[in-house]
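In the text below, chain A, chain B and the rest are named by the order of the sequence lines, each starting its count at 1.
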Number of protein chains: 2
Amino acid sequence: MADHIIKQAGLRMTAPRAKILDILARSGKRHMSADEVYRELQGDDAEIGQATVYRVLTHFVEAGLVSRQSFDGGHWVFELNRGEHHYHLICDRCGRIVEFADGLIAGRQSDIARKHGFDIRNHSLVAYGLCRNCQRSLARDAAPFDVRPDPTPEPGARRMAIRAPRATVDTPGDRPFLDPGIKTSAR
Amino acid sequence: MADHIIKQAGLRMTAPRAKILDILARSGKRHMSADEVYRELQGDDAEIGQATVYRVLTHFVEAGLVSRQSFDGGHWVFELNRGEHHYHLICDRCGRIVEFADGLIAGRQSDIARKHGFDIRNHSLVAYGLCRNCQRSLARDAAPFDVRPDPTPEPGARRMAIRAPRATVDTPGDRPFLDPGIKTSAR
DNA sequence: TTCAATGCAAACCGTTTGCAGTGTG
DNA sequence: CACACTGCAAACGGTTTGCATTGAA
């Protein structure tokens with residue numbers, strides 16, 4: 001249950017919070033937008049407003065349960081905080097996301113920050129390009145332009161100029177989150 | 001003049017384009033939002049609409065003259081493309097931005113990408129924290145909360161939850177852009 | 001002379017906020 | 001029983017778009 005995790009984080013337990021944490025924990029997608037969380041909730045019985053989703057997610061971020069970032073300007077993307085800081089590889093075409101951690105980069109970056117007198121609290125590295133599959137697809141049908149990504153183009157996709165992903169899943173090393181007694185650094 | 005640069009990039013020359021490129025080139029700020037560009041234009045004689053600013057900037061990005069990114073979810077920030085890819089250190093408190101390039105990080109990252117089968121086209125590394133000045137200020141008046149940043153708080157600043165910069169200047173090694181015959185890779 | 005670029009204003013869309021009602025601690 | 005949390009709907013703010021007009025090539 002998500003219950004004790006929320007309390008351990010110093011938050012009041014409520015139904016919306018439990019459900020949202022649950023969704024983040026169980027969803028196939030590691031990275032979800034507020035709207036995706038909201039829609040997932042709709043299928044459920046209880047009525048939970050968008051505002052609540054945003055507020056709860058913000059609370060989670062502040063409490064350190066969840067991390068938030070925006071891949072290249074779109075909307076916010078939320079991700080359960082599994083403790084290990086990591087970076088992202090994103091496919092411009094299909095939206096596939098691959099996570100990776102790298103001490104060398106982290107160290108180098110913090111050296112540089114120190115040299116500039118910065119006290120770093122957070123950082124993100126995101127690389128955009130084509131995943132293996134999409135490289136293949138593109139080569140295969142050698143279509144010069146306007147090839148539709150294999151994963152469904154998603155109906156309400158706004159023309160995001162230049163770059164237009166809309167993340168789908170993918171990540172190595174899956175590990176349960178809610179079940180084991182995870183130690184939340186309460187605040 | 002910006003004229004031949006725009007043409008070299010394969011774009012039709014128009015007054016708005018010349019002016020906007022000029023502003024990006026001459027402004028003290030290396031990183032400008034569309035709105036900042038727009039406001040800078042207002043002081044000028046000619047009437048140029050916001051839509052045009054957005055459209056022109058988008059064209060510039062597509063032509064490779066300008067690069068665009070969003071520091072942690074806010075709006076887009078545009079920056080004249082000076083050829084050398086670089087990363088950013090951003091002060092959470094005053095918005096100061098420091099740029100740095102690092103081959104080691106770039107190399108490492110592209111190795112990792114290759115290992116995952118990705119063909120990277122672009123990447124960004126941004127680190128958030130406190131610059132030296134802000135660390136000092138905070139220590140000095142040891143105010144636990146709600147300290148106002150030294151650089152004016154900027155009136156229309158939306159409460160961006162968690163993080164709320166609003167960039168001001170700062171960058172090492174200034175180098176003119178428009179004057180020398182820069183080689184634009186036209187497309 | 002044609003078709004891309006512009007200006008204006010309205011539309012969009014993700015996110016935030018005000019307010020009255022609800023339910024946790 | 002107080003006060004944080006919720007739902008709803010309206011507000012917000014950055015960006016995009018439709019359409020008639022202008023102007024570069």
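Comment: A:Asp35 engages A:Arg39 in a salt bridge, judged by a side-chain N to carboxylate O separation of less than 4.0 angstrom. Comment: B:Asp111 does not engage B:Arg108 in a salt bridge, judged by the lack of any side-chain N to carboxylate O separation of less than 4.0 angstrom.
Ranking D:dT17, C:dA5, D:dT6 by closeness to the B:Ala51 side chain, first place goes to D:dT17. For B:Pro16, counting side-chain heavy atoms from C-beta on, the closest listed nucleotide (D:dT6, D:dG7, C:dT6) is C:dT6.
As rounded to whole Å, 14 Å separates atom C1' of C:dT17 from atom NE2 of A:His59. Atoms CZ (A:Phe71) and C1' (C:dG14) sit 17 Å apart, rounded to a whole Å. Straight-line distance from the CG atom of A:Leu57 to the P atom of C:dT16: 10 Å, rounded to whole Å. If you measure from atom CE of A:Met13 to atom P of D:dA4, you get 18 Å, rounded to the nearest angstrom. The CG atom of B:Leu11 sits 10 Å away from the P atom of C:dT6 (whole-angstrom rounding). A:Tyr38 has its OH atom 16 Å from the P atom of C:dT16, to the nearest Å. For the pair A:Ile20 CD1 and D:dG7 C1', the interatomic distance rounds to 13 Å; values are reported in whole Å. Atom CZ of A:Phe60 is separated from atom C1' of D:dT6 by 14 Å (rounded to the nearest Å).
The aromatic rings of B:His85 and B:His123 are tilted relative to each other, their planes meeting at an angle between 30° and 60°.
Considering only side-chain N and O atoms, B:Tyr54 lies nowhere under 4.0 angstrom from the phosphate OP1 or OP2 of D:dT16. A sub-4.0 Å separation between OP1 or OP2 of C:dT6 and a side-chain N or O of B:Arg55 is absent. OP1 or OP2 of D:dA24 has not a single side-chain nitrogen or oxygen of B:Thr14 nearer than 4.0 Å.
Counted by atom type alone, B:Arg132 and A:His116 present zero donor-acceptor pairs between their side chains at under 3.5 Å.
Nearest-nucleotide mapping onto DNA chain D: of A:Val53 and B:Lys7, the residue sitting toward the 5' end is A:Val53. Residue order along DNA chain C, read from the 5' end via each residue's closest nucleotide, puts B:Arg12 first among B:Gln50 and B:Arg12.
Here the rule is side-chain hydrogen bond (donor to acceptor under 3.5 Å, both in side chains) with A:His31, and of A:Glu36, A:Gln69, A:Glu99, A:Arg68 only A:Glu99 fits it.
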